[in-house]
Amino acid sequence: MTHEFLDLPQLTSATGIVRLPGSKSISNRVLLLAALASGQTEVRDLLVSDDTERMLEALKALGVCVSSLGSNGWLVKGCAGSFPVKQAELFLGNAGTAFRPLTAALALAGGDYVLKGVSRMHERPIGDLVDALRQLGADVAYLGNDGFPPLCLKSAMIRHGGVVQVRGDVSSQFLTGLLMALPLIGETATVEVIGELISKPYIEITLAIMARFGVLVKHDGWQRFTVAAGSRYLSPGVVYVEGDASSASYFLALGVIGGGPVRVEGVGRDSIQGDVKFADALADMGGQIEVGPNWMESRAPVGGLVGVDLDCNHIPDAAMTLAVVALFAKGSTTLRNIASWRVKETDRIAAMATELRKLGADVKEGDDFIRVTPVSLKPAAINTYDDHRIAMCFSLAAFGTPLRINDPKCVAKTFPDYFQRLSDVTTAAPVIAIDGPSASGKGTVAARVASALGFAYLDSGALYRLTALAAKRAGVDWNDESAVAAIAAELDVEFSETDILLDGGFVGDAIRTEEISSGASKVAALPAVREALLFRQRIFNKMPGLVGDGRDMGSVIFPRARLKVFLTASAEARAERRYKQLIEKGFSANLPDLLLDLQQRDARDSERSVAPLRQEADAKLLDTTSLTIEQAVNQVLIWSREALQ
Ligand code: DC
């Protein structure tokens with residue numbers, strides 16, 4: 001399996017407008033009720049994601065006629081409470097919003113079904129829902145561990161209403177599933193919630209959507225819910241799915257961390273999703289929030305963000321975003337009453353704590369809380385645990401440091417083009433990429449340009465030279481790809497103002513010898529070595545900016561560089577410059593040999609299969625054959641200032 005990742009540069013500002021994808025919670029509830037209703041429903045603005053795909057597939061497998069209307073619209077022909085297919089095996093991935101409600105609906109509608117998911121789904125509890133369904137007479141068996149999917153459902157005599165008890169303190173999706181299925185019984189049924197009901201706003205979404213399909217649930221407080229005899233789902237004709245309020249949280253957070261204003265469209269004051277309350281939490285932290293009927297906008301506070309101590313029971317998903325915003329606030333932030341995080345796509349408390357610590361944060365976790373105290377952030381590779389929200393919320397940490405997000409495609413669960421939208425509304429720390437052949441003078445030019453702009457300087461060739469030197473010292477052959485790559489991955493390097501430290505010792509000219517130059521060119525042709533050095537180079541992409549020189553700065557390492565320069569000179573001119581340098585340093589040198597050597601290295605650097613030296617289409621060519629260093633530096637500075645405007 002290839003290891004996928006996305007490297008984010010340090011972000012410097014955020015501003016813009018984002019049209020949100022449809023809400024996952026609303027999308028899957030609407031699809032199921034449209035399928036159970038009489039009449040056909042046009043569902044507009046449905047979320048396109050893994051979870052809704054699983055629900056659509058399941059409904060099709062159950063014989064429901066579902067057809068695409070294009071541009072996120074679907075036509076669902078309701079089956080009036082009775083699925084046409086009575087025997088099926090359904091695969092529901094890791095979609096809790098499909099698994100729980102379908103379990104309840106199929107158990108009460110009757111038929112022989114097997115419901116399965118990915119292995120994580122089989123670790124997510126469902127026993128409380130099954131217990132409730134069994135009270136109604138449903139025949140539900142566990143095919144694996146007791147209390148967990150996969151499940152086998154069989155037709156059974158369903159009791160005519162009465163009182164059912166369900167626990168409300170593990171996941172509100174059990175109550176949601178049960179409530180949505182109860183109209184299938186036809187008699188009056190009352191659900192009593194045992195234990196404190198968590199995530200109440202999600203139940204409000206359930207009740208609002210059931211009402212939209214004609215079923216009113218009576219409830220006094222959050223303990224008893226009654227569905228009256230004769231309740232039936234009726235298509236409302238057309239349903240527009242609201243934007244996803246949890247997805248809104250990332251962009252609202254961007255606005256308060258990165259300046260703003262950032263506006264999200266698709267949720268607002270009139271939203272039925274409790275997660276819009278996330279905006280209040282941001283305001284508690286000092287964020288400036290404005291809310292319209294179907295939009296929200298955020299900006300950074302003048303005096304900076306402050307840590308808070310919050311009960312997050314009502315915003316469990318969006319609260320994960322707060323744990324990352326906490327990295328940019330003064331003081332600690334404590335998020336309480338979040339035990340449900342432990343049974344989500346992954347154990348989110350443990351995962352958030354582990355990954356936040358990698359970035360340098362001081363984190364305390366308990367059964368149902370997390371406390372984050374920020375310190376200055378350091379680059380890290382963040383694991384995402386097949387959890388879309390971990391991937392999305394950690395992207396915000398890029399305001400503090402460049403970082404790597406492993407398996408970024410997991411965002412497809414709810415927001416397939418999240419990273420594109422993120423990049424649309426953010427600005428990254430700038431990079432000036434200068435590539436060119438050996439001895440073209442690009443190192444000198446790059447270092448001077450960096451100092452004139454007040455930017456950091458990355459001599460990427462030094463990394464290949466250091467790798468060659470470290471391999472030599474370790475007695476590793478330069479052609480031994482995996483061994484050299486292992487050395488590259490573990491290089492203990494520190495760049496100081498005047499020198500480089502390798503394993504704690506100054507290297508000086510030890511990496512500039514002809515032997516190491518040749519070794520560097522050899523190890524640089526090995527794909528595994530280049531891969532091992534990738535993140536190490538990208539973490540230089542931070543504030544206030546970077547000038548990087550090498551062979552693939554503009555093509556591979558920083559393809560989004562603000563300015564790309566291809567700096568070259570004729571081989572003869574370069575050989576002559578190298579000759580003069582050597583003579584000045586008191587070394588003996590031979591011009592024809594130097595020329596030959598340069599030509600060989602040029603060939604190796606340009607003809608290798610990975611990251612060969614070439615001029616990018618969007619790079620500016622600077623031929624320095626007849627230029628002085630000052631002239632070359634001035635030209636690059638003129639281009640840089642233009643590009644940085
Ligand atoms: O720029 P330099 O001469 O210090 O580079 C040393 C070697 O490393 C050279 O053979 C090319 C290779 N290199 C590379 O492949 N990619 C880079 N970005 C920088 C250098």
Side-chain angles (χ1 to χ4, degrees), residues 17-81 83-85 90 92-93 95-99 101-102 105 176 180 202 205-215 232-248 251 263-268 270-273 275-276 292-296 388 411-418 420-421 424:
I17 299 179
V18 178
R19 172 99 209 146
L20 296 167
S23 150
K24 174 181 71 157
S25 307
I26 297 179
S27 292
N28 269 353
R29 283 168 174 82
V30 166
L31 284 177
L32 180 60
L33 296 197
L36 290 173
S38 306
Q40 59 180 36
T41 307
E42 211 178 296
V43 185
R44 291 281 168 191
D45 298 337
L46 190 83
L47 169 67
V48 183
S49 72
D50 290 349
D51 279 21
T52 48
E53 278 292 312
R54 296 293 86 72
M55 181 62 105
L56 285 165
E57 277 167 19
L59 294 178
K60 285 179 197 161
L62 291 166
V64 180
C65 184
V66 189
S67 50
S68 169
L69 298 170
S71 51
N72 306 343
W74 292 83
L75 187 67
V76 182
K77 294 198 175 138
C79 60
F83 291 110
V85 174
L90 305 177
L92 299 165
T97 55
F99 208 107
L102 276 169
T176 282
M180 291 205 297
Y202 289 118
I205 296 177
T206 305
L207 301 183
I209 297 173
M210 287 175 71
R212 190 95 175 78
F213 281 85
V215 173
R232 268 184 218 303
Y233 290 124
L234 274 179
S235 167
V238 185
V239 179
Y240 283 86
V241 175
E242 280 182 21
D244 191 291
S246 308
S247 301
F251 294 96
R263 180 181 282 223
V264 292
E265 291 178 346
V267 293
D270 300 341
S271 171
I272 59 169
Q273 297 169 81
D275 268 0
V276 291
N294 73 337
W295 57 265
M296 301 172 102
H388 55 139
V411 299
K413 191 174 197 332
T414 49
F415 205 154
D417 60 351
Y418 173 74
Q420 182 55 49
R421 307 279 192 98
D424 291 346

Nearest-0.5 Å distance that lies between atom CG in Asp50 and atom CE in Met55: 14.0 Å
Qualifying residues under side chain to side chain donor-acceptor pair (under 3.5 Å), relative to Ser27, sequence neighbours excluded: none
For Arg263, salt bridge (charged side-chain N to carboxylate O under 4.0 Å, His left out) partners two or more places apart: Glu297
Separation between CE of Met180 and CG of Leu36, rounded to the nearest 0.5 Å: 8.5 Å
Pairs satisfying side chain to side chain donor-acceptor pair (under 3.5 Å), at least one member in residues 33-49, at least two apart: Thr41-Ser235, Glu42-Arg44, Ser49-Thr52
Residue list, salt bridge (charged side-chain N to carboxylate O under 4.0 Å, His left out) with Asp275, at least two apart or on another chain: none
Closest approach of Asp244 to Gly22 (non-hydrogen atoms, all atoms of both residues): CB-O, 3.6 Å
Any side-chain heavy-atom pair of Phe99 and Leu90 under 4.5 Å: no
Residue list, side chain to side chain donor-acceptor pair (under 3.5 Å) with Thr206, at least two apart or on another chain: Arg29, Thr176
Within-4.5 Å side-chain heavy-atom neighbours: Val239 and Phe213: yes
Distance (rounded to the nearest 0.5 Å) between Ile209 CD1 and Leu33 CG: 7.0 Å
Approximate separation, where rounding is to 0.5 Å, of Arg19 CZ and Phe251 CZ: 13.5 Å
Between OH on residue Tyr202 and OG1 on residue Thr97, distance to nearest 0.5 Å: 10.5 Å
For Gly268 against Val276, the heavy-atom pair lying closest together: O-CG1, 4.2 Å
Salt bridge (charged side-chain N to carboxylate O under 4.0 Å, His left out) partners for Asp424, two or more places apart: none
Taking every non-hydrogen atom, the tightest pair across Pro101 and Gly96: CD-O, 3.7 Å
Least distance between heavy atoms, Val267 atom then Gly243 atom: CG1-O, 3.0 Å
Non-neighbouring partners of Pro84 that pass side-chain contact (heavy atoms from CB on, under 4.5 Å), sequence neighbours left out: Cys79
Using distance only, find each side-chain donor-acceptor pair of residues 56-76 under 3.5 Å and give its atom names and separation, not counting sequence neighbours.
residue	atom	partner	partner atom	Å
Glu57	OE1	Arg54	NE	3.4
Glu57	OE2	Arg54	NH2	3.1
Ser68	OG	Gly70	N	3.1

By side-chain contact (heavy atoms from CB on, under 4.5 Å) - contacts of Asp417 (at least two apart): Phe415, Gln420, Arg421
Modelled atom types, side-chain donor and acceptor of Glu242 and Ser271, under 3.5 Å: yes
Value rounded to 0.5 Å, distance of CH2 in Trp295 from CD1 in Ile17: 10.5 Å
Contacts of type side chain to side chain donor-acceptor pair (under 3.5 Å), residue Lys413, not counting sequence neighbours: Asp51, Glu345
Steps toward side chain to side chain contact (heavy atoms under 4.5 Å, CB included) verdict (Asp270, Asn294): CA-CA 6 Å; Asp270 300 341; Asn294 73 337; over 6 Å; no
Partner set under side chain to side chain donor-acceptor pair (under 3.5 Å) for Ser25, not counting sequence neighbours: none
Steps toward side chain to side chain contact (heavy atoms under 4.5 Å, CB included) verdict (Ile26, Gln273): CA-CA 9 Å; Ile26 297 179; Gln273 297 169 81; 3.8 Å; yes
